[in-house]
Amino acid sequence: MIPIINTVTSEVNELSLDNQKNELERIAPELLKKEKKERDFSLPELPHAKKGKVVTRFPPEPNGYLHIGHAKAAIVDYEYAKMYDGRFILRFDDTNPENAHLEFYDAQKDDLIWLGIEWDEEYNTSDNIEKHYKLAEQLIKQEHAYVCTCDTSFIKECRFNGKECDCRCIDTGESLDIWGEMISSSIEGAILRLKGDMTCDNTAMRDPTLFRIIEKEHPLQGDKYRVWPTYDFSGAVEDSISGVTHPFRTKEYELRDECYFKLLDLLGIRKPHLMEFARLSIEGMPVSKRKIKPLIERGDVLGYDDIRLPTLRGLKKRGILPQAIKKFVLEQGISKVESSVTFGLLEAANRKIIDPITKRYFYVSDPIKLVIDNAPQNEKKIDFHPRDKKLGNRTIKTDKTFYVEKLDMNKLKVGDIFRLKDLFNVKIKKKNDQITGEYAGEELISDSAKIQWTTDKYVNLSVFIPHVLYIGEKFNKDSLEKVEGFAEESVGNIKTDEIVQFERFGFVRIENVNNKIKGFFTHK
RNA sequence: GAUUCUGUGGACUAGCGGUCUAGGUCACGAUCCUUUCACGGUCGAAAUCGCGGGUUCGAAUCCCGCCAGAAUCACCA
């Protein structure tokens with residue numbers, strides 16, 4: 001077989017490019033046709049993956065609300081499980097009682113549900129501490145782990161210089177005794193360390209900490225435990241024993257892979273196919289708890305659901321749909337390139353989803369009065385959507401008083417004709433602190449401006465417009481803009497959470513509580 | 001400083017040795033549609049695939065060197 005292939009390829013290679021083309025045209029013309037490649041937003045194939053056998057997991061620490069970075073991880077994990085008819089586990093990595101807070105277990109689940117993610121199994125790492133202790137004991141007995149009582153700065157120094165400390169040489173029996181005391185009694189300042197390699201180039205392998213003492217009440221376990229596993233230990237162990245086949249983590253953990261696999265090796269338990277992808281970053285927007293938290297503490301933003309923030313609650317409040325987040329995330333994929341995306345990409349995804357299903361209304365920001373003495377009295381029925389009649393319509397009664405945008409009027413001079421959109425044409429007669437106009441017929445003039453308007457029966461509405469939080473490194477003090485304006489009367493009936501399009505203004509999510517109505521600007 | 005990873009149009013991404021005269025999305029320009037500066041359609045401009053070598057009949061794709069950027073160097077995850 002191989003010799004035949006070789007003969008054929010060399011024969012083909014001897015032909016000139018044109019001859020090759022002609023020959024191909026003769027025997028298989030369909031191969032020459034170009035098909036438009038369509039990109040679907042499905043993820044690439046997973047290595048070592050079999051249908052029905054893939055298990056993924058999303059392991060948040062219950063220490064805050066979820067943001068779009070979490071969403072990326074959760075969506076990738078969830079989508080891969082679905083793609084392979086596998087299982088998706090939600091695991092709360094609550095191994096640090098100082099960080100874990102009861103409220104966030106449920107809050108994070110709410111965020112995930114909103115995203116449209118469903119999990120097949122849910123558990124807390126803190127429920128498995130006994131198992132971790134057993135495995136730790138096994139490591140000590142195997143002489144692969146030891147109890148260290150040196151102080152932090154000395155440990156650090158030894159790591160830096162590649163030196164071993166005396167604790168490393170304590171015999172197994174004594175190590176087990178101290179380990180027992182760590183767990184049961186009040187011995188202080190001891191940690192369990194992996195016997196790695198203190199001279200390893202990869203500093204993550206210089207005897208990393210596996211367990212440490214934290215005397216703090218755990219939101220779920222109370223004071224049952226005082227020795228807690230570190231991420232290096234619990235992450236590897238949990239992935240292995242819970243049956244996860246394809247765990248994902250962000251790139252900054254890459255140097256820990258060696259430790260991850262070494263631990264599982266020593267413990268003699270199954271090793272998953274660990275994979276990494278780049279952390280999501282968005283221009284002018286902080287995407288990490290570390291950066292978001294100080295903004296809230298300083299009062300630079302109003303809370304975790306501030307519309308300038310990429311928290312799921314912030315995005316929801318702003319009017320971004322979960323489907324848009326999913327599309328956005330899958331567009332980025334799981335590449336390892338460090339990149340910074342514009343928020344505009346999420347906006348574009350959202351706009352396409354929202355546009356066909358949102359009602360159009362008139363909203364006039366920075367209004368100026370327009371009086372048209374000879375305006376015909378009108379009861380005008382106007383569709384809520386230019387293409388989809390199913391979205392219904394409303395009837396607006398008009399008389400001779402209107403409000404229009406100052407900005408629009410500034411662009412026009414006395415004598416100009418413009419159109420009140422969906423109504424009639426107006427000729428400008430006078431411009432002062434109000435505009436005087438004259439009815440100028442119903443007939444459509446193609447090149448005249450079509451302008452949104454309200455009658456004197458309007459609803460006062462402020463709209464909050466989010467801008468980027470950072471310009472370069474600098475906090476943008478004007479990141480939250482408030483616009484005051486008049487909305488047409490029927491806007492008063494819109495219920496909370498509905499997203500509408502104010503024509504020529506943009507998409508806005510409405511909040512309407514106890515007749516107090518406000519808008520949050522989604523995007524253009 | 002050490003180690004690891006990454007490097008495709010303005011931004012993001014596809015690409016896994018010939019189907020790449022490098023595809024898609026966003027942004028941009030033009031045009032059609034349109035009683036919205038929205039959506040949609042069509043067209044366009046925009047990439048010497050970080051740089052330099054090598055392997056090969058053939059390289060964005062494999063190898064080597066260099067350069068640049070990022071991450072890690074915690075008893076946080």
Side-chain angles (χ1 to χ4, degrees), chain A residues 9-10 12-14 17 20 24 31-41 44 59-61 63 93-96 98-100 125 148 151-152 155-156 159-160 162 189-193 200-206 208-214 227-228 230-232 234-235 249-258 276 278-279 281 283 289-290 327-328 330-333 335-342 344-349 351-356 358 360 362 382 385-387 419-425 444-446 448-452 501-507 523-524:
Chain A
T9 40
S10 64
V12 172
N13 283 334
E14 273 166 28
L17 189 63
Q20 287 181 21
L24 191 62
L31 289 178
L32 281 171
K33 265 188 229 141
K34 270 197 186 169
E35 272 173 48
K36 261 220 159 163
K37 284 182 212 158
E38 279 211 14
R39 168 115 155 85
D40 56 345
F41 295 106
E61 183 181 36
N63 72 335
D93 262 347
D94 52 352
T95 54
N96 187 340
E98 279 173 355
N99 293 344
T125 303
C148 179
D151 67 66
T152 320
I155 292 175
K156 202 170 177 169
R159 277 223 182 87
F160 188 78
I191 56 172
L192 187 74
R193 290 224 262 165
C200 186
D201 275 342
N202 181 357
T203 49
M205 293 306 288
R206 322 252 256 228
T209 306
L210 267 22
F211 286 82
R212 77 293 206 203
I213 296 167
I214 301 173
V227 175
W228 293 93
T230 60
Y231 171 77
D232 276 326
S234 71
R249 23 148 78 157
T250 42
K251 254 189 13 157
E252 61 266 28
Y253 293 111
E254 268 179 324
L255 293 174
R256 319 285 270 283
D257 287 6
E258 196 179 344
E276 272 101 7
R279 186 169 211 139
S281 69
E283 281 167 29
K289 161 120 196 202
R290 214 188 77 239
K327 184 163 180 259
F328 171 75
L330 294 180
E331 269 170 0
Q332 311 307 311
S335 108
K336 285 167 106 176
V337 186
E338 311 104 22
S339 52
S340 189
V341 200
T342 13
L345 235 39
L346 218 200
E347 292 182 354
R351 191 179 295 118
K352 281 169 203 204
I353 296 170
I354 268 178
D355 184 86
T358 48
R360 317 284 135 132
F362 291 143
I382 303 173
H385 196 281
R387 277 166 289 122
R419 184 177 184 84
L420 295 171
K421 190 171 176 281
D422 296 318
L423 204 61
F424 53 69
N425 304 321
L444 254 182
I445 305 165
S446 59
S448 75
K450 281 96 188 173
I451 282 167
Q452 78 277 29
Q501 190 200 47
F502 289 148
E503 299 206 27
R504 306 207 310 141
F505 182 80
F507 293 93
H523 45 65
K524 258 283 173 201

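Throughout, a chain's letter reflects where its sequence line sits, starting with A, and its residues are numbered from 1.
- Mapping Ser340(A) and Pro60(A) onto RNA chain B via the closest heavy atom, the residue that lands nearer the 5' end is Ser340(A).
- In summary, of the residues considered (Gln452(A), Glu503(A), His385(A)), a side chain to side chain donor-acceptor pair (under 3.5 Å) with Arg360(A) occurs for His385(A) alone.
- Using Watson-Crick or G-U wobble geometry with both donor-acceptor distances under 3.5 Å, C57(B) finds its partner in G18(B).
- Residue Arg159(A) has a polar side-chain atom (N or O) positioned under 4.0 Å from OP1 or OP2 of C75(B).
- No N or O donor and acceptor, one from the side chain of Tyr253(A) and one from the base of A71(B), sit under 3.5 Å apart.
- Nucleotides of RNA chain B nearest to Ala349(A) and Ser339(A) differ in position, and the one nearer the 5' end is that of Ser339(A).
- Salt bridge present: Glu254(A) and Lys336(A) bring a charged side-chain N and a carboxylate O closer than 4.0 Å.
- Considering only side-chain N and O atoms, Ser335(A) lies under 4.0 angstrom from the phosphate OP1 or OP2 of U13(B).
- For the P atoms, the distance linking A22(B) with A47(B) amounts to 11 Å, nearest Å.
- Distances shorter than 4.0 Å separate none of the side-chain N or O atoms of Thr203(A) from OP1 or OP2 on C73(B).
- The residue from Asn99(A), Thr125(A), Thr95(A), Asn96(A) that alone fulfils the side chain to side chain donor-acceptor pair (under 3.5 Å) condition with Glu61(A) is Asn99(A).
- The nucleotide G65(B) finds its pairing partner in C51(B), both defining distances of the Watson-Crick or G-U wobble pair being shorter than 3.5 Å.
- Base pairing annotation: C12(B) forms a Watson-Crick or G-U wobble pair with G24(B), both donor-acceptor distances under 3.5 Å.
- Nucleotide U36(B) is matched to nothing when pairs are restricted to Watson-Crick or G-U wobble geometry with both distances under 3.5 angstrom.
- Pairing of A2(B), defined by two Watson-Crick or G-U wobble distances under 3.5 Å, is identified with U72(B).
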